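Encoded as structure tokens, the structure appears first; notes follow it.
These figures come from a predicted structure and were not determined experimentally. The first residue of the sequence shown is numbered 1, and numbering continues consecutively from there.
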Amino acid sequence: MIPAINTIITTAIAKRIFPGAVVLVTQRGRVLHAAAYGTTMYDDPGTQTVTLDTIYDLASLTKIFTAIAALRLHDAGMLPLDLPARFWLPELANDAITVRHLLSHRSGLAVQLAPLARVGAHAIRRAVYTAPAVHQPGSVTEYANLNTFLLGEVVATVYGGPLEAVIDELVCAPLGMQYTRFCPPFEWRGRIAPTEWDWEWRGGLVHGVVHDESAYTLGGIAGHAGMFGVATDVVRLIELWLCEGSWEGVQLLRPETVLAARTPQPPIDNQKISGLGWMLQRPYMGPAVATAFGHSGFTGPIILGIPTADIAVVVLCNRTYPQRTPPPPQHISVIAEVVHAVVTTLGCAIA
């Protein structure tokens, strides 16, 4: 165990940055730190003590599941990254946006999905499919849900089945995930951490259903949000990439695909940097910012890998409870502190 992490997380809970969290750190598959902290709803009625088995809304970590599915289809020769997405989605107005652009958030589209949630699923799809590009595709990196929403639509079309089946067959099942999926069944609800009180639209506590407004309108299943999971499952997303795409003797992704996905996609000047699916050089990566890859989710979860030290870090929390706070999210600096504690304690080289 890494004692400094205990202090960091308990301090964050005392400051009401989040009511509880699960932190899991591994190196070369060996568990270095696994601990649960706090509660699911502070001391509010119905709160529960967080355990290692607590299930969290993974929010935008869903994008990594979608990206892995896309890259596995690519490695199988079924999804060339540089073909226009309209090859599979003929209703898409822009024929210059490629699958690579969607993976790296360089589509040039700028449609906000959340404001469309109350209008309906059809309105969301229509707005995204017909949107004109505000930038030349490939010229600007601009993180947006619509990119991975469209990627999910492409993946489902190529696979020939619903997105949830693709994710299960190409990601969750091969990695042996037991409690990670879209639309968790009712019997899981007692283990799920609520995300927010939403009296204005949903009329109460958002619990056991996806927090993301657009994914909720889309039935809880979308390329950009909707997955729920536990830390012991989610860490496998990182470990797969630290093992160069190999999992338990099976090569799920080609090593060259893994390397490409962790490499900044041009252009990178004065822009947020993305790989293929992965975020790069983000503040929550702390002292590992130059070499780490990872992803964050709006409700609080963050995962990252440090390839030079074979370290995986998972922090699951529900920082949006009881209500989301204005940006910037306060938990980002907390996760950076956790990464610093990991690197410092292990004394490992991260350059």
Side-chain angles (χ1 to χ4, degrees), residues 57-63 65-67 70 84-86 88-97 99 101-103 105-135 137 140 142-157 161-167 181-184 192 194-228 296-300 318-327 329:
D57 183 331
L58 299 181
S60 283
L61 299 193
T62 302
K63 294 178 171 71
F65 290 85
T66 305
R86 198 165 78 170
W88 297 278
L89 306 176
E91 295 178 7
L92 187 64
N94 194 306
D95 63 357
I97 299 170
V99 176
H101 293 150
L102 299 178
L103 276 164
H105 294 278
R106 295 183 300 140
S107 69
L109 301 178
V111 177
Q112 296 296 316
L113 300 188
L116 298 170
R118 303 187 193 193
V119 185
H122 177 75
I124 291 174
R125 286 194 163 87
R126 176 176 172 78
V128 173
Y129 274 73
T130 61
V134 297
H135 303 289
V140 174
E142 212 166 80
Y143 177 84
N145 283 335
L146 67 89
N147 292 302
T148 322
F149 165 71
L150 282 172
L151 184 65
E153 301 271 285
V154 170
V155 164
T157 301
L163 181 61
E164 63 269 33
V166 189
I167 299 298
R181 57 169 290 172
F182 288 109
C183 300
I192 298 174
T195 49
E196 188 174 29
W197 285 99
D198 178 10
W199 290 109
E200 182 183 355
W201 182 36
R202 287 180 268 196
L205 184 64
V206 182
H207 183 204
V209 296
V210 63
H211 177 269
D212 181 271
E213 293 90 347
S214 58
Y216 179 81
T217 296
L218 292 163
I221 301 166
H224 63 284
M227 294 290 285
F228 286 73
S296 60
F298 184 80
T299 54
N318 53 335
R319 68 102 188 171
T320 49
Y321 186 86
Q323 293 286 311
R324 68 191 73 185
T325 55

### Query
Does Arg202 pair with Glu196 as a salt bridge, N-O distance under 4.0 Å?
no
#### Entry: Qualifying residue for side-chain contact (heavy atoms from CB on, under 4.5 Å) with His211, from Asn318, Thr195, Asp198
Thr195
### Task
Would you sort out whether Val210 and Asp57 count as a side chain to side chain contact (heavy atoms under 4.5 Å, CB included), showing the intermediate values?
CA-CA 7 Å; Val210 63; Asp57 183 331; 4.1 Å; yes
### Query
Quick check: are there more than 12 heavy atoms from other residues, nucleotides or ligands sitting under 6.0 Å from CZ of Arg126?
no
### Query
For Ala59, does its backbone N or O pair with a side-chain atom of Asp212 as donor and acceptor, under 3.5 Å?
no
### Message
Using modelled atom types and a 3.5 Å cut-off, is there a donor and acceptor pairing between side-chain atoms of Gln323 and backbone atoms of Trp197?
### Response
yes
### Task
Test Ser107 against Leu150 for side chain to side chain contact (heavy atoms under 4.5 Å, CB included), laying out the working first.
CA-CA 10 Å; Ser107 69; Leu150 282 172; 6.0 Å; no
### Query
Side-chain contact, heavy-atom cut-off 4.5 Å: Pro184 with Ile192?
yes
### Query
Between Glu153 and Arg125, is there a salt bridge with N-O shorter than 4.0 Å?
yes
### Message
Measuring only between side-chain heavy atoms, which start at C-beta, is Tyr321 closer than 4.5 Å to Leu205?
### Response
yes
#### Entry: side chain to side chain contact (heavy atoms under 4.5 Å, CB included) between Trp88 and Val99, worked out
CA-CA 10 Å; Trp88 297 278; Val99 176; 3.6 Å; yes
### Task
Would you check if His105 and Thr148 make a side-chain contact, meaning some heavy-atom pair closer than 4.5 Å?
yes
#### Entry: Residue from Thr62, Thr157, Val155, Leu151 passing side-chain contact (heavy atoms from CB on, under 4.5 Å) with Leu163
Val155
### Task
Taking the side chain as every heavy atom from C-beta outward, state whether Phe182 and Phe228 have any atom pair closer than 4.5 Å.
no
### Query
Do the non-hydrogen side-chain atoms of Lys63 and His224 ever get within less than 4.5 Å of each other?
yes
### Query
So, do Leu102 and Ile97 sit near enough that their side-chain heavy atoms are less than 4.5 Å apart?
yes
### Task
State, yes or no, whether a side-chain contact exists between Asn145 and Ser60 at a heavy-atom distance under 4.5 Å.
yes
### Flag side-chain contact, heavy atom, 4.5 Å: Ile167 against Ile221
no
### NZ or CZ of Arg319 within 45° of Phe298 ring axis and under 6.0 Å
yes
